[in-house]
Amino acid sequence: MEIANRIAFKEWAVICRALAEGAQAIILRKGGIHEGREGFRVEHREFWLFPTQFHQQPQQLVPTAEPIWQRTIADPPATGTIPISHFVEVEQVHEISDESALDRLAGIHIWSQTTLVERFHYRRPGLFLLLARVFRIPTPFVLADTPYFAGCRSWVELPEAIPTAGATPVVSDNQFAAMREAVTRALSQ
């Protein structure tokens, strides 16, 4: 793990919470409109989660994610701020080109099937799956929200590098191994 990092990955706050709580260990991404014709690329293998409220709606999640949704909306950041508290190391990257793989991933993430199918078919078929090991830092770093962070793009550079000192995994090694195995099984069928 890097000792400090200034790269952040924009994702729905509810998905950031699911990752932070160990409810899932994957990120499924297509990319934002500012990422050009090529779409999303895994430009960084280590980054901070940058929770956003943009686009997320409860109907885009599986019904069992309702408690995570409720915790997310009950604990909004202070107006004009973005809390940065979780660091990700990407262990594996898979490009999903077979839509049937989405069915096999059910149960290891909180997106609804409809949401994934829509993402899969946006612009051209396919999605990226990132197997993410997530770490929590002891004290969140709070950024001021600025127009610089706006827009539909996955990656943003933070004003300064945030130290990763004291970061601890959100799930045990054994739990993460089981999550990795579930992804491997789903993608190998």
Side-chain angles (χ1 to χ4, degrees), residues 1-2 4-21 23-57 60-61 65 68-69 72 77 81-97 99 101-102 105 108-112 114-137 140-162 164 167 170 183 187:
M1 177 183 301
E2 298 173 356
N5 187 300
R6 69 182 312 154
I7 301 301
F9 181 80
K10 293 174 71 174
E11 182 58 270
W12 294 348
V14 67
I15 298 300
C16 290
R17 183 171 291 269
L19 290 161
E21 293 179 357
Q24 70 183 50
I26 63 171
I27 297 169
L28 290 164
R29 191 55 153 220
K30 184 64 161 222
I33 60 174
H34 293 296
E35 290 171 313
R37 293 181 351 124
E38 292 299 313
F40 176 74
R41 292 290 174 249
V42 182
E43 297 175 19
H44 308 281
R45 300 290 288 233
E46 294 190 4
F47 50 82
W48 295 99
L49 289 176
F50 187 106
T52 69
Q53 310 299 318
F54 199 58
H55 292 310
Q56 68 177 4
Q57 299 294 325
Q60 295 172 312
L61 308 173
I68 297 171
W69 173 260
T72 302
T81 67
I82 301 161
I84 304 293
S85 57
H86 290 83
F87 191 71
V88 170
E89 290 182 335
V90 175
E91 188 168 294
Q92 298 174 8
V93 176
H94 301 274
E95 192 164 358
I96 299 172
S97 57
E99 185 178 344
L102 302 180
L105 292 169
I108 60 175
H109 62 79
I110 66 168
W111 291 281
S112 73
T114 301
T115 299
L116 289 188
V117 169
E118 287 172 359
R119 283 185 176 195
F120 183 87
H121 287 288
Y122 178 69
R123 292 190 182 172
R124 63 179 171 82
L127 279 176
F128 281 91
L129 182 150
L130 286 66
L131 179 62
R133 185 76 197 256
V134 181
F135 300 83
R136 176 182 304 108
I137 56 173
F141 188 87
V142 180
L143 293 172
D145 195 4
T146 68
Y148 168 77
F149 296 128
C152 291
R153 57 190 167 143
S154 299
W155 305 105
V156 293
E157 190 169 323
L158 303 176
E160 61 186 89
I162 300 173
T164 59
V170 299
V183 170
L187 294 179

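Just so it is clear, the structure is predicted and the values come from calculations on it, not from any experiment. This chain uses plain numbering: 1 for the first residue, then up along the sequence.
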How long is the span from the [atom1] atom in [X] to the [atom2] atom in [Y], to the nearest 0.5 Å?
X	Y	atom1	atom2	result
L102	R119	CG	CZ	11.0 Å
K30	R124	NZ	CZ	6.5 Å
H86	I137	NE2	CD1	8.5 Å
F47	I27	CZ	CD1	4.0 Å
Q24	I15	CD	CD1	5.0 Å
F149	I82	CZ	CD1	5.5 Å

Which pair of non-hydrogen atoms, one from [X] and one from [Y], has the smallest distance, and what is that distance?
X	Y	value
Q92	H94	OE1-NE2, 2.8 Å
I26	V183	CG2-CG2, 3.5 Å
I162	L158	CD1-CD1, 3.5 Å

Contact between [X] and [Y] at the side-chain level, heavy atoms closer than 4.5 Å - yes or no?
X	Y	answer
P77	Q53	yes
I96	L28	yes
I7	F50	no

Original post:
Is the W48 to F9 ring centre distance short of 6.0 Å?
Top reply: no

Mind checking side chain to side chain donor-acceptor pair (under 3.5 Å) for [X] and listing every partner two or more places apart, or none if nothing turns up?
X	value
T52	none
S85	none
H44	none
S112	T115

Look at the side chain of [X] and the backbone N and O of [Y], then say whether any donor-acceptor pair between them is shorter than 3.5 Å.
X	Y	answer
R6	P159	yes
E46	N5	no
Q56	A13	yes

**OP:** Dump the intermediate steps for side-chain contact (heavy atoms from CB on, under 4.5 Å) on L19 and V170, then the final yes or no.
**Re:** CA-CA 8 Å; L19 290 161; V170 299; over 6 Å; no

Donor-acceptor contacts, no H, no angles, side chain residues 125-134, under 3.5 Å, sequence neighbours left out:
unit_1, atom_1, unit_2, atom_2, d
R133, NH1, D173, OD1, 3.3
R133, NH2, V171, O, 2.9
R133, NH2, D173, OD1, 3.0

**OP:** List the steps and the verdict of side-chain contact (heavy atoms from CB on, under 4.5 Å) for R45 and V93.
**Re:** CA-CA 9 Å; R45 300 290 288 233; V93 176; 3.6 Å; yes

Subject >> Any residue meeting salt bridge (charged side-chain N to carboxylate O under 4.0 Å, His left out) with E91, in chain and number order, not counting sequence neighbours >> reply: R180

